[in-house]
Number of protein chains: 2
Amino acid sequence: MTNKHVKEMEALKEHLGKHQLKLTRQRELILNAFLRQEHITAEAMYHQLAKADPHLGLATIYRTLNLFCDAGLAQARHFGSQTKYDNVSHKGHHDHLICTGCEKIVEFENEEIERLQEEVATRNGFTIKTHRLELYGLCSRCRH
Amino acid sequence: MTNKHVKEMEALKEHLGKHQLKLTRQRELILNAFLRQEHITAEAMYHQLAKADPHLGLATIYRTLNLFCDAGLAQARHFGSQTKYDNVSHKGHHDHLICTGCEKIVEFENEEIERLQEEVATRNGFTIKTHRLELYGLCSRCRH
DNA sequence: ATTGAAATTGATAAGCTGTCTCAAAATTAT
DNA sequence: ATAATTTTGAGACAGCTTATCAATTTCAAT
Ligand SMILES: [Mn+2]
Ligand SMILES: [Mn+2]
Ligand SMILES: [Zn+2]
Ligand SMILES: [Zn+2]
């Protein structure tokens, strides 16, 4: 395997270029680690990266993940009291099923629900910009 | 007008009785103020009640609103970084349309969406316990 | 390759929301 | 009234995230 995550790296570089931001060793490091995850907290990335760079600061992780959000590579999702950064570099819009037993997260898309949401909004004179739909319950394994 | 909120007061008393809890002046005061609201933060109640009782502590407000949740009179909803306590004493399940312009909150129920949520869950082997659906956008007034 | 302006980093302080602690006060059963 | 139990209010504390700022790094222009 040669270079991984080339496309995403290009996307980041493009965003940096457009905003007078610089490409740093930390940003590269964090991007490569982030792209291996689906949903992860800043704190978890911090611990995970401590091996690769023990001096990497937590603030840098937060700043960088927020940068990825600006660049369209990540989306911050507030689950409970924590923010999970959703790796959306290779995904379109989706919502979440969350197991309260084992924390498992399953992504889903349902255009029928999306359509009905629009209908509800229109009926009430609203124009939807974003929405959040989270279904909490037990996965098949945790039910037994 | 004689006594308002009698039914809710009875519900609270019943909960208190069942759990060896006491009826205090503060709990009565907070209940009466709370029942006049639809969605309110603890902080907002704190300021609102400062006139009636300047010594009422914020911790007491939080404790009491959480007590109302236990008693089934309120539901804590986490919108953004704040918790709003939803006065559900006179409502069934519902979801929310939220205007990002003026903070207006409109409640709605859509059983078709609820049904589709169940379908999604079943298809993924989940059993739903709760869910949250929030639609963010602009109300008709804020759109112009 | 050097320079130097501008951005970034790491450590830590601060902010924000909400809960915990504990002595004093209030409630309720006796 | 008495006494056991619960509640309150003030402030400390906790969890998560952002702000501050001096030192370091990047990068475009020499
Ligand atoms: Mn996701
Ligand atoms: Mn509501
Ligand atoms: Zn599970
Ligand atoms: Zn509005």
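Source: prediction; values computed, not measured. Every chain is numbered from 1, with letters handed out A, B, ... down the list of sequences.
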Going by the rule salt bridge (charged side-chain N to carboxylate O under 4.0 Å, His left out), which residues pair with Glu112(B) if we only count those two or more places apart in sequence or in a different chain? Arg115(B)
Going by atom type alone, with no hydrogens or angles, which donor-acceptor pairs under 3.5 Å involve a side-chain atom of residues 132-142 of chain A and a protein atom two or more places apart or on another chain?
residue   : atom : partner   : partner atom : Å
Arg132(A) : NE   : Glu134(A) : OE2          : 3.2
Arg132(A) : NH2  : His78(A)  : O            : 2.6
Arg132(A) : NH2  : Glu134(A) : OE1          : 3.4
Arg132(A) : NH2  : Glu134(A) : OE2          : 3.0
Glu134(A) : OE1  : Tyr136(A) : OH           : 2.6

Give every residue pair that meets the salt bridge (Lys or Arg N to Asp or Glu O under 4.0 Å) criterion with at least one member in residues 27-51 of chain B, sequence neighbours excluded. Glu38(B)-Lys91(B)
What is the distance from CZ of Arg25(B) to P of dT28(C), rounded to the nearest Å? 13 Å
Is Asn66(B) near enough to dT19(C) that one of its side-chain N or O atoms lies under 4.0 angstrom from OP1 or OP2? yes
Of Leu23(B) and Thr83(B), the one whose nearest nucleotide on DNA chain C sits closer to the 5' end is Thr83(B)
So, does Thr24(A) get its side chain near the phosphate of dT9(C), meaning an N or O under 4.0 Å from OP1 or OP2? yes
Of the residues in residues 26-59 of chain B, which ones touch DNA chain D at a heavy-atom distance under 4.0 Å? Gln26(B), Arg27(B), His55(B), Leu56(B), Gly57(B), Ala59(B)
In short, ring-ring contact (aromatic ring centres under 6.0 Å, His included) pairs touching residues 5-32 of chain B with sequence neighbours left out are His15(B)-His19(B)
In whole Å, what is the span from the CG atom of Leu67(A) to the P atom of dT8(C)? 8 Å
First contact, last contact: which nucleotides of DNA chain D are these for chain A, 5' to 3', heavy-atom distance under 4.0 Å? dC16(D) to dC27(D)
Verify the neighbour count for atom NE2 of His55(A): are there more than 12 heavy atoms of other residues, nucleotides or ligands below 6.0 Å? no
Among residues two or more places apart or on two chains, list those pairs meeting salt bridge (Lys or Arg N to Asp or Glu O under 4.0 Å) that have a residue in residues 70-81 of chain B. Arg77(B)-Asp86(B)
List for me each residue that meets side-chain contact (heavy atoms from CB on, under 4.5 Å) alongside Ala121(A), sequence neighbours excluded, and say none if there are none. Phe126(A), Ile128(A), Leu97(B)
Phe34(B): ring-ring contact (aromatic ring centres under 6.0 Å, His included) partners, not counting sequence neighbours: Phe68(B)
Please name all residues satisfying salt bridge (charged side-chain N to carboxylate O under 4.0 Å, His left out) with Arg123(A), sequence neighbours left out, ordered by chain then number. Glu119(A)
Return yes if the base of dA6(C) and the side-chain atoms of Lys22(A) contain a donor-acceptor N/O pair under 3.5 Å, otherwise no. yes
Rounded off to whole Å, could you give me the NE2-to-C1' distance for the His19(A) and dT8(C) pair? 17 Å
Looking at the base of dG18(C), is there any donor atom on it, or on the side chain of Arg63(B), that sits under 3.5 Å from an acceptor on the other one? no
Is the closest side-chain donor-acceptor distance between His39(A) and Glu107(A) under 3.5 Å? yes
Mind listing the N/O atom pairs, protein and nucleotides 14-16 of chain C, below 3.5 Å?
none

Can you list every salt bridge (Lys or Arg N to Asp or Glu O under 4.0 Å) pair that touches residues 12-23 of chain A, not counting sequence neighbours? Glu14(A)-Lys18(A)
Whole-Å distance separating the CG atom of Leu21(B) from the P atom of dA29(C): 12 Å
